[in-house]
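Whatever order the structure lists ligands and atoms in, that order sets their numbers, starting from 1. For reference, positions follow the sequence shown, starting with 1.
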Amino acid sequence: MNPPWACVVWDLDGTLLQRGAGRPVDGVEGVLAAWSAAGVEMAVATSASTTLARRVVDELGWSGWFGHVAGSAPGVGGKDAVIAEALLGLGRVLPDGARDAAMVGDSPADVWAAHVHGLTAVGVTWSGTPADALADADLLWPRPDAAWHPPS
Ligand SMILES: [Mg+2]
């Protein structure tokens, strides 16, 4: 299903990668390939170090799908700062850069940070985060091959 957003910022651990395991979540590569082909601008925003995140994305062969990979770095801390950096790397300057953009993540911190900047917050529950922990998200996404839906 193609997304309703022109721009999607992805969390890495627990969202694109199995939590703590470094392996892709089943089905996410198909989503990334399809959305990239559909012209969706995409970036990674992770609390991991930028150096590590770029190496992981490169080693997985994912670099072509992302216009920017942003992580923690000296002077860039907190998920809200990392999201701003990710958007900036796509040429999107806040606050207007949040228009038609979503953040997909598995943590309440992802939801909070998305809302700091006015992005749509999509909470994924496929890594085991309980839906009620992501109740502030605009949408919940249970599996990569399933539809997202508003929190109940
Ligand atoms: Mg995460």
- Quick one: which of V31, V40, V57, L32 gives a side-chain contact (heavy atoms from CB on, under 4.5 Å) with W65? L32
- Query: Does a side chain donor of either E29 or W62 reach within less than 3.5 Å of an acceptor in the other side chain?
  - Reply: yes
- Tell me who clusters with L119, hydrophobic residues only, linked when side chains sit under 4.5 Å apart either directly or through other members. V9, I83, L87, L94, M103
- Message: Just checking R19: does its CZ atom have more than 12 heavy atoms from other residues, nucleotides or ligands closer to it than 6.0 angstrom?
- Response: yes
- Provide the protein N, O or S atoms situated under 2.8 Å from the Mg ion (ligand 1); waters are not included. D11 OD2, D13 O, D106 OD1
- Working to the nearest 0.5 Å, report the span between CG of D13 and OG of S127. 7.5 Å
- Task: Count the heavy atoms of every other residue, nucleotide or ligand shown that sit under 6.0 Å from CG of D145, and state whether that count exceeds 12.
- Result: yes
